[in-house]
Amino acid sequence: MAVRRVVPNVQTESVQENRDFYGLLGFEEVMNHGWIMTLASASDPAAQVSFMARDKTAPVVPDLSIEVDDVDAAYAAVRDSGAEIVHVLQDEEWGVRRFFVRDPDGRVVNVLGHR
């Protein structure tokens, strides 16, 4: 399993205001579902940050997202380790397969793969 990118998720009620502010630093909007918006660097598209007012289908807003090339293998590994699964593995309507797991310090990690 390989990591494709890591994206911090910032919980906020000021999604659009953050787009404007981080635009001043060279970020451009690459995704916006209303409840989550992702900005990326124009010169390095893998450099991203997401702003979330809430999560559409999960019980909590994750602290970070890790995109992997095999989300099913990642799910099996963390499940077998005994880690706390916060949101079970499922396909989401916006084109990702994902689950949430709690890390040893209590942070919620969104582990995903694009379908």
Side-chain angles (χ1 to χ4, degrees):
M1 169 182 35
V3 173
R4 292 187 173 160
R5 66 187 165 122
V6 177
V7 179
N9 298 318
V10 178
Q11 187 170 6
T12 181
E13 294 300 323
S14 306
V15 173
Q16 300 310 316
E17 291 87 345
N18 277 292
R19 181 192 62 207
D20 296 341
F21 175 80
Y22 285 92
L24 299 172
L25 300 174
F27 283 91
E28 299 176 348
E29 183 179 301
V30 294
M31 180 191 74
N32 191 336
H33 291 296
W35 57 273
I36 181 173
M37 175 192 61
T38 301
L39 304 177
S41 164
S43 61
D44 182 2
Q48 298 183 353
V49 61
S50 290
F51 297 91
M52 302 177 74
R54 61 181 174 81
D55 192 289
K56 186 174 181 179
T57 64
V60 297
V61 171
D63 296 296
L64 69 139
S65 295
I66 299 175
E67 182 184 357
V68 296
D69 66 347
D70 189 342
V71 70
D72 292 283
Y75 185 73
V78 298
R79 183 194 62 222
D80 293 348
S81 78
E84 179 188 353
I85 304 295
V86 179
H87 178 64
V88 297
L89 181 65
Q90 67 184 43
D91 293 330
E92 303 289 0
E93 66 186 39
W94 53 91
V96 299
R97 182 165 174 78
R98 70 178 183 156
F99 68 94
F100 291 7
V101 62
R102 194 171 307 278
D103 80 5
D105 291 313
R107 285 178 292 272
V108 176
V109 180
N110 173 30
V111 182
L112 69 128
H114 288 273
R115 295 180 300 189

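When a residue number appears, it is its place in the shown sequence, counting from 1.
Glu28 pairs by the salt bridge (charged side-chain N to carboxylate O under 4.0 Å, His left out) definition with nothing, not counting sequence neighbours. Asp63 meets the salt bridge (charged side-chain N to carboxylate O under 4.0 Å, His left out) test with no other residue; sequence neighbours excluded. Every side chain to side chain donor-acceptor pair (under 3.5 Å) that Arg5 has, sequence neighbours left out, goes to Gln48, Glu67, His114. Scanning for side-chain contact (heavy atoms from CB on, under 4.5 Å) contacts around Asp20 gives an empty result, with sequence neighbours left out. Partners of Arg97 according to the salt bridge (charged side-chain N to carboxylate O under 4.0 Å, His left out) rule, which considers only residues two or more places apart in sequence or in another chain, are Asp72, Asp91.
Ile85 belongs to a hydrophobic cluster whose remaining members, ordered by chain and number, are Met1, Val3, Val6, Leu64, Ile66, Val68, Val71, Tyr75, Val78, Val88, Leu89, Phe99, Val101, Val109, Val111; membership requires side-chain heavy atoms of ILVMFWY residues under 4.5 Å apart, directly or through intermediates.
Closest approach of Val86 and Pro59 over heavy atoms only: O-CG, 3.8 Å. Nearest heavy atoms, Ala40 versus Pro45: CB-O, 3.7 Å. Residue Phe100 comes nearest to Val60 through the heavy atom pair CE2-O, 3.4 Å, listed as atom of the first residue, atom of the second, then distance. Taking each heavy atom of Val15 and Ala53 in turn, the nearest pair found is CG2-N, 4.2 Å.
Met37 places a side-chain heavy atom less than 4.5 Å from the side chain of Arg19. Side-chain atoms of Val10 and Asn18, non-hydrogen and from C-beta on, never get closer than 4.5 Å to each other.
Looking at Arg4, its side chain never comes within 3.5 Å of a backbone N or O of Gly113 through a donor-acceptor pair. Remark: side-chain polar atoms of Asp105 are not paired, donor with acceptor, to backbone N or O of Arg107 under 3.5 angstrom.
By the rule that hydrophobic residues join a cluster once side-chain heavy atoms approach within less than 4.5 Å of another member, Met31 and Met52 end up as members of one cluster. Note on Leu112 and Ile36: same hydrophobic cluster, where clusters join Ile, Leu, Val, Met, Phe, Trp and Tyr whose side-chain heavy atoms are under 4.5 Å apart, directly or indirectly.
Between the CD atom of Gln11 and the CG atom of Asp55 there is a distance of 10.0 Å, given to the nearest 0.5 Å. Put simply, CG on Leu39 and CG on Asn32 are 9.0 Å apart, with the number rounded to the nearest 0.5 Å.
Between Phe27 and Tyr22, the angle of the ring planes goes over 60°, which puts this pair in the perpendicular group of the 30/60° scheme. Ring geometry for Trp35 against Trp94 counts as perpendicular: the plane angle is over 60°, on a 0 to 90° scale with 30° as the lower cut.
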Exercise. Would you please test Arg98 and Thr57 for side-chain contact (heavy atoms from CB on, under 4.5 Å) and show each step?
Key: CA-CA 11 Å; Arg98 70 178 183 156; Thr57 64; 3.0 Å; yes
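By the 4.0 Å N-to-carboxylate-O rule, Glu93 lies close enough to Lys56 to be salt-bridged with it.
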